[in-house]
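Following: one structure in structure tokens, then a few remarks.
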Amino acid sequence: MNMSLLSTEILTAVLACGLLILCLLSPNKEKHRGIGYATLFGLLAILVTTFFQYGINETTFHELWIHDDYSVFMKELFLVAAILVTLSSIDFVDTLPRFRSEYYSLIVFAALGMMVMASANDLVTIYVGMELMTITFFVLVAYVLGNGRSSEAGVKYLLLGAASSAVLLFGMSLLYGLTGTTVIPEMMAKLHWSPALVIAVVTLIAGFGFKISAVPFHMWSPDIYEGAPTPITGYLAVASKAAGFAVLVRVFIDGLPLQNGVDWLTVMSVLAGITMVIGNVVAIPQTNIKRMLAYSSVAQAGYLLVGLMSADAAGVKGILFYAMLYVVANMGAFAVAIVVAKELGTEEIPDYAGLAIRQPLLASVMTISLLSLAGIPPLAGFVGKLYLFSAIMDKGVLWPAFVGFVMSMVSVYYYLNVALYMWRDEPKDNRPIHVPGAIKFTVLFAMVATVFFGIYPGPLAEVATMAAKSLF
Amino acid sequence: MNDFIFAAAFYGLAGMTILSAAGVVFLKDIVHSALMLALSFIGVAGLYVLLNADFLAAVQILVYGGAVAILIAFGVMLTRRRNMKESNPNNRWVIYASFVSAAFFAICGWALMGTDFKPVGQQVNPEAAVEGLASLLLGDYVVAFESAAVLLLVALVGAIILAKGAKEA
Amino acid sequence: MTIGLTHFLLLGTALFCLGLYGLLSKRNAIAILMGIELMLNAVNINLIAFNKYVAAGSYTGQVFSVFVIVVAAAEVAVGLALVLAIYKDRLSTNVDDLDWLKW
């Protein structure tokens with residue numbers, strides 16, 4: 001038993017509990033900024049320690065817990081997401097009616113759940129980590145107390161999330177029955193085709209498909225994304241989805257055999273195809289920026305699934321690289337939406353008219369983030385899509401790349417639509433918009449990272465390759 | 001325990017569980033549904049005893065039969081309305097719902113009957129189940145155990161935040 | 001007529017499907033939660049039955065169901081707090097009335 005393999009989780013748990021205690025001790029209950037900055041520095045410190053964790057590929061607790069480069073990469077992704085969410089939340093939290101300080105510790109608890117998912121090597125730990133993340137999100141989604149939309153989104157997310165967990169559990173129980181173990185690598189050797197395995201795989205795909213919002217399990221996401229507080233929408237869209245992928249990749253690649261087993265690759269391919277098409281097509285008529293980003297995030301899940309289709313190190317590298325860029329670009333877009341919602345009180349895309357005149361920084365960040373999501377060179381999203389699609393083309397399968405390319409062109413349409421409103425149209429009034437310091441930092445970071453990794457993807461790609469290789 | 005008593009106990013408990021579960025979903029008054037739910041939980045606890053899981057049976061009665069059923073009864077009472085007769089209505093997709101459930105049952109039942117679940121490993125002493133569980137929970141599964149502890153903390157904090165609401169009481 | 005694994009699995013599946021029916025067909029959020037609880041109980045029956053008949057060498061299945069019970073209790077607590085929160089706003093717990101978002 002080697003406790004150092006758990007250091008990131010222990011530090012995160014200590015940070016989250018410490019923040020809760022800090023909330024209790026702070027004399028003025030609604031003074032939350034200090035706690036916000038404490039969260040920020042705590043998360044940053046943990047992020048720094050993770051960089052020293054690469055290269056340790058070990059398991060502990062009889063293989064129930066695995067510490068590999070893949071899990072370290074994923075944890076860094078969750079930490080980056082949590083940091084960006086905290087940064088963009090600090091000014092938003094002012095508008096909460098009550099319980100402002102506790103908000104931050106919940107963000108950290110959700111990150112802890114994701115980390116447990118990334119490092120778990122057996123179904124029990126995966127399940128508990130996933131529920132830790134999901135239950136925290138139930139609370140966060142409904143956090144705007146007294147606002148019917150927020151609590152409505154919370155109830156919907158809770159009912160659907162709990163139901164999807166139950167379906168997922170049914171599949172897990174069958175896997176346990178077929179193999180007598182819950183350890184993922186041990187299942188690989190013991191599984192072979194049987195009717196019950198088919199049911200298990202189908203229910204697993206349905207359960208995980210809900211978490212990553214792949215079509216046809218995506219119906220919840222636009223509603224919940226629209227009703228949830230905007231920073232939490234961003235957190236849900238990037239981190240919760242990435243955590244779902246972290247587990248999906250590990251369970252399917254390490255645990256479910258393709259020879260002699262169930263051909264889950266074909267199911268994944270179909271899912272990837274329809275997810276790319278439906279996500280992008282339905283995004284076109286949306287007028288609410290959060291709903292548009294919700295459908296766009298459905299489409300992004302489709303691109304990421306293409307990486308899983310190739311089921312090799314190159315594909316997983318594509319997933320990791322793309323997921324990281326997706327975090328940065330999406331958080332940039334959501335940070336802009338947060339400021340606009342707070343200053344203008346609107347989430348409708350036509351109300352973004354003339355944003356370029358009123359606040360050029362926000363307009364540029366929004367444009368760059370959206371173009372990166374669309375995969376326009378030289379931005380980072382282009383490189384990410386290149387990795388994803390070239391991995392599958394190397395396997396001699398061309399259609400996903402074709403569908404992905406066509407659908408990216410479709411997505412350019414609705415992304416540019418927002419840009420057109422911002423840059424072409426005249427604003428209704430010319431007052432400049434004030435951007436708070438923390439958000440300014442978030443958007444600048446998102447913009448710089450998106451451009452930098454587009455022009456010079458080398459270092460990140462190398463880390464992603466190393467992380468992907470540790471899985472095989 | 002000989003086969004006949006085991007079979008009789010199984011069918012008795014299974015009947016109780018399934019019938020009260022059917023009551024949960026088919027009764028029109030949600031208070032009756034909540035009571036049926038508690039009964040169903042107790043039936044499941046009995047089944048655990050048949051499956052040599054005495055400890056789990058106790059946990060089931062304490063947590064499900066006690067806490068969860070009471071919580072749900074609270075939920076029903078705190079959100080009650082004037083006419084309880086029709087308090088548990090179906091939505092407009094009820095036909096699809098019954099079709100989907102029936103189909104899932106047929107397919108799953110067929111798949112489970114057609115699968116040969118091969119036993120692995122030697123039988124351990126069921127008498128020592130509590131020690132075995134404890135050493136697994138605090139040994140190999142300690143990460144899940146601690147995460148579950150954190151999860152309960154989050155649920156506690158979250159439930160307080162959500163239930164207290166926006167106004168100072 | 002010996003009772004074996006299949007009997008328990010069929011019972012579990014039947015319970016799961018009743019829960020699924022409740023989940024899909026009910027309007028009241030609390031009734032939907034009850035359906036989900038039935039589904040989780042069904043999974044627990046599966047796990048413990050597998051533990052006895054398939055993997056009797058350890059208590060993994062029982063450990064798994066301990067965690068399922070813990071998580072289910074936490075979920076119900078948060079779920080009912082949410083239902084109460086929304087009831088304060090709307091005086092309704094029917095999900096059909098939750099139509100401020102498009103659903």
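- With contacts defined as side-chain heavy-atom distances shorter than 4.5 Å, the pair B:M16/B:I42 qualifies.
- The most heavy-atom pairs under 4.5 Å with chain B, out of C:A81, C:A55, C:A85, come from C:A81.
- There is no contact between B:A69 and chain C, counting heavy-atom distances below 4.5 Å.
- Proximity of a side-chain donor or acceptor of C:T13 to a complementary backbone N or O of C:L9 within less than 3.5 Å is detected.
- For C:L80, the part sitting under 4.5 Å from any heavy atom of chain B is the side chain, from C-beta outward, and nothing else.
- Neither the backbone nor the side chain of C:N51 comes within contact range of chain B; no heavy atom of the residue lies under 4.5 Å from a heavy atom of that chain.
- Looking at B:S33, both its backbone and its side chain come within 4.5 Å of chain C, counting heavy atoms on both sides.
- With chain C as the partner, the residue from B:C108, B:G158, B:A144, B:A148 showing the most heavy-atom pairs under 4.5 Å is B:A144.
- Inter-residue side-chain proximity for B:P119 and C:V54 is flagged as unmet; no heavy-atom pair is nearer than 4.5 Å.
- There is no contact between B:F74 and chain C, counting heavy-atom distances below 4.5 Å.
- When each of B:Y141, B:F26, B:Y64 is scored by its heavy-atom pairs under 4.5 Å with chain C, the top score falls to B:Y64.
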For the pair C:F50 and C:F8, evaluate ring pair (Phe, Tyr, Trp, His ring centres under 6.0 Å) and give the outcome as yes or no after the intermediate values.
CA-CA 9 Å; C:F50 282 133; C:F8 283 97; over 10 Å; no
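- Using a 4.5 Å cut-off between heavy atoms, B:V63 contacts chain C through its side chain alone, with no backbone atom that close.
- B:F10 places a side-chain heavy atom less than 4.5 Å from the side chain of C:L11.
- Heavy-atom distances place the side chain of C:L5, and not its backbone, under 4.5 Å from chain B.
- Of the listed residues (C:L33, C:T60, C:L23), the one with the most heavy-atom contacts under 4.5 Å to chain B is C:T60.
- For B:L37, the part lying near chain C is the side chain, with the backbone staying farther off; criterion is any non-hydrogen pair under 4.5 Å.
- Heavy-atom pairs under 4.5 Å with chain B peak, among C:V71, C:I69, C:V66, C:L10, at C:I69.
- Contact tally against chain C (heavy-atom pairs below 4.5 Å) for B:V68, B:L133, B:T17: the top residue is B:L133.
- The shortest side-chain heavy-atom distance between B:Y48 and C:Q62 does not fall under the 4.5 Å cut-off.
- Residues B:F41 and C:N41 meet the side-chain proximity criterion, which asks for heavy atoms closer than 4.5 Å.
- Using a 4.5 Å heavy-atom threshold, the side chains of C:L18 and B:F105 count as separate.
- A distance-only check finds a donor-acceptor pair linking the side chain of B:N2 to the backbone of B:I5 [under 3.5 Å].
- Only the side chain of C:F67 comes within contact range of chain B, with at least one heavy atom under 4.5 Å from a heavy atom of that chain.
- Between chain C and the residues B:L47, B:L56, B:V44, the most heavy-atom pairs under 4.5 angstrom are made by B:L56.
- Rounding to the nearest 0.5 Å places CG of C:L38 at 9.0 Å from CD1 of B:I18.
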